[in-house]
K.L.:
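Below you'll find the structure I mean.
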2 protein chains.
Amino acid sequence: MSTDADAEIDHEGPVTPYRQLAEILKARIARGDWAEGRPIASETRLVQEYGLARSTVRRALDVLVEEGVVWKVQGRGTYVGQPPAGNS
Amino acid sequence: MSTDADAEIDHEGPVTPYRQLAEILKARIARGDWAEGRPIASETRLVQEYGLARSTVRRALDVLVEEGVVWKVQGRGTYVGQPPAGNS
DNA sequence: AGCAATTTGTTCGTATGTATT
DNA sequence: CAATACATACGAACAAATTGC
């Protein structure tokens, strides 16, 4: 049983919003909304799309980073996959 | 060159407060302020001691958790070391 | 070189929820 | 039940890095 990529955030329920968003984003990546090596939506965009605080969106992204699903670069964005080995 | 366990937070300088606190706490643990398996000061206590926001203190503790220096238990505290293998 | 726009990083404050004692 | 301690969420502001003009 996986999460629906088109699900919305349920502020009631037992699962916290940031965990829900983390699952939704992973589902969207798996579905192909954003390809490997390409940037996903910006934090500001996700805030607008899901009606969450930026701090909550960042908390969700932290989960994905820990899981190695995405990696971030300040000033650029959040990319699908893992950081390149030899980066310049 | 290691960090002074008695250092205070410098809100100017290049190093961010949460990184400074992370280093200070590691120095305090190394010095023996808190023994292995014992709880360190609570987040509220650290907020008072270092004059930082709780979110900043938590950010510093996140670093220590990632590094395996401490582990946390909701409702109890933050302990020195790593979580016991078989916990009940 | 400078400047503005975009995006992630850090910090503060506040409030409420959950778990343990 | 009350007190303590960590968890989650919202809002706001400014800093730092990147990009494009």
Side-chain angles (χ1 to χ4, degrees), chain A residues 8-25 29 34 37-84 87-88, chain B residues 8-25 33-34 37-84 87-88:
Chain A
E8 291 178 13
I9 303 299
D10 172 21
H11 287 262
E12 315 309 318
V15 183
T16 59
Y18 85 85
R19 284 185 195 166
Q20 289 178 53
L21 180 55
E23 290 306 311
I24 291 173
L25 293 178
I29 289 173
W34 304 292
R38 304 252 327 162
I40 69 173
S42 70
E43 294 175 355
T44 301
R45 187 85 179 72
L46 294 175
V47 164
Q48 302 169 331
E49 282 186 36
Y50 295 94
L52 295 172
R54 191 183 157 213
S55 58
T56 305
V57 168
R58 286 178 59 77
R59 185 81 179 75
L61 293 179
D62 281 344
V63 173
L64 301 195
V65 170
E66 283 177 41
E67 296 180 351
V69 177
V70 302
W71 60 289
K72 315 174 81 172
V73 180
Q74 181 175 0
R76 279 209 274 161
T78 302
Y79 299 80
V80 178
Q82 292 166 290
N87 42 353
S88 56
Chain B
E8 291 178 14
I9 303 299
D10 173 18
H11 287 262
E12 314 309 316
V15 182
T16 59
Y18 83 85
R19 284 184 194 164
Q20 289 178 53
L21 180 55
E23 290 305 311
I24 291 173
L25 293 179
D33 279 20
W34 304 292
R38 302 256 326 165
I40 68 172
S42 70
E43 294 175 354
T44 301
R45 186 84 179 73
L46 294 174
V47 164
Q48 302 169 331
E49 283 187 35
Y50 295 95
L52 296 172
R54 192 180 157 214
S55 58
T56 304
V57 168
R58 285 178 59 77
R59 185 79 180 78
L61 293 179
D62 282 344
V63 173
L64 301 195
V65 170
E66 284 177 39
E67 297 181 350
V69 177
V70 301
W71 60 288
K72 316 173 78 171
V73 180
Q74 181 176 359
R76 279 209 275 160
T78 302
Y79 300 78
V80 178
Q82 290 166 291
N87 42 353
S88 55

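For clarity, every value in this text was computed on a predicted model and none was experimentally measured. Within every chain, numbering begins at 1; the chains are lettered A, B, ... in the order of the sequence lines, protein sequences first and strands thereafter.
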K.L.:
Output one letter per nucleotide in nucleotides 13-21 of chain D: B when a protein non-hydrogen atom lies under 4.0 Å from the base, S when only the sugar-phosphate is that close, - when neither is.
P.N.:
B--BBBS--
K.L.:
Could you tell me which residues satisfy side-chain contact (heavy atoms from CB on, under 4.5 Å) with S42(B), sequence neighbours excluded, listed by chain and number?
P.N.:
T44(B), R45(B)
K.L.:
Please identify each residue that fulfils salt bridge (Lys or Arg N to Asp or Glu O under 4.0 Å) with E66(B), with sequence neighbours left out.
P.N.:
none
K.L.:
Anything under 4.0 Å to a heavy atom of chain B counts; send over the first and last such nucleotide of DNA chain C, read 5' to 3'.
P.N.:
dT10(C) to dT21(C)
K.L.:
Taking distance alone, no hydrogens or angles, what donor-acceptor pairs closer than 3.5 Å link side-chain atoms of residues 58-65 of chain A to residues at least two apart or in another chain?
P.N.:
| residue | atom | partner | partner atom | Å |
| --- | --- | --- | --- | --- |
| R58(A) | NH1 | E43(A) | OE1 | 3.4 |
| R58(A) | NH1 | E43(A) | OE2 | 2.9 |
| R59(A) | NH2 | Y18(A) | OH | 3.3 |

K.L.:
Can you see which heavy atom on I9(A) is nearest to which on L21(A), and at what distance?
P.N.:
CD1-N, 4.0 Å
K.L.:
Once side-chain contact (heavy atoms from CB on, under 4.5 Å) is applied, do any residues pair with V80(A), and if so which ones, sequence neighbours excluded?
P.N.:
I29(A), W34(A), E36(A), I40(A)
K.L.:
With a 4.0 Å heavy-atom cut-off, tell me which residues in residues 42-53 of chain A come close to DNA chain D, sorted by residue number.
P.N.:
L52(A), A53(A)
K.L.:
Take the C1' atoms of the five end pairs on each side of the helix from dG2(C)-dC21(D) to dT21(C)-dA2(D), derive the two axes, and give their angle rounded to 10 degrees.
P.N.:
20°
K.L.:
Just to verify, what does D10(A) make a side-chain hydrogen bond (donor to acceptor under 3.5 Å, both in side chains) with, not counting sequence neighbours?
P.N.:
none
K.L.:
Give me the residues of residues 9-20 of chain B where at least one heavy atom lies under 4.0 Å from an atom of DNA chain D, by number, or none.
P.N.:
none
K.L.:
Test of understanding: with ring pair (Phe, Tyr, Trp, His ring centres under 6.0 Å), list the residues that count as partners of Y50(B), not counting sequence neighbours.
P.N.:
none
K.L.:
Restricting to salt bridge (Lys or Arg N to Asp or Glu O under 4.0 Å), what partner residues turn up for E12(B), sequence neighbours left out?
P.N.:
none
K.L.:
Under 4.0 Å: is that the gap between some side-chain N or O of T78(B) and OP1 or OP2 of dA5(D)?
P.N.:
no
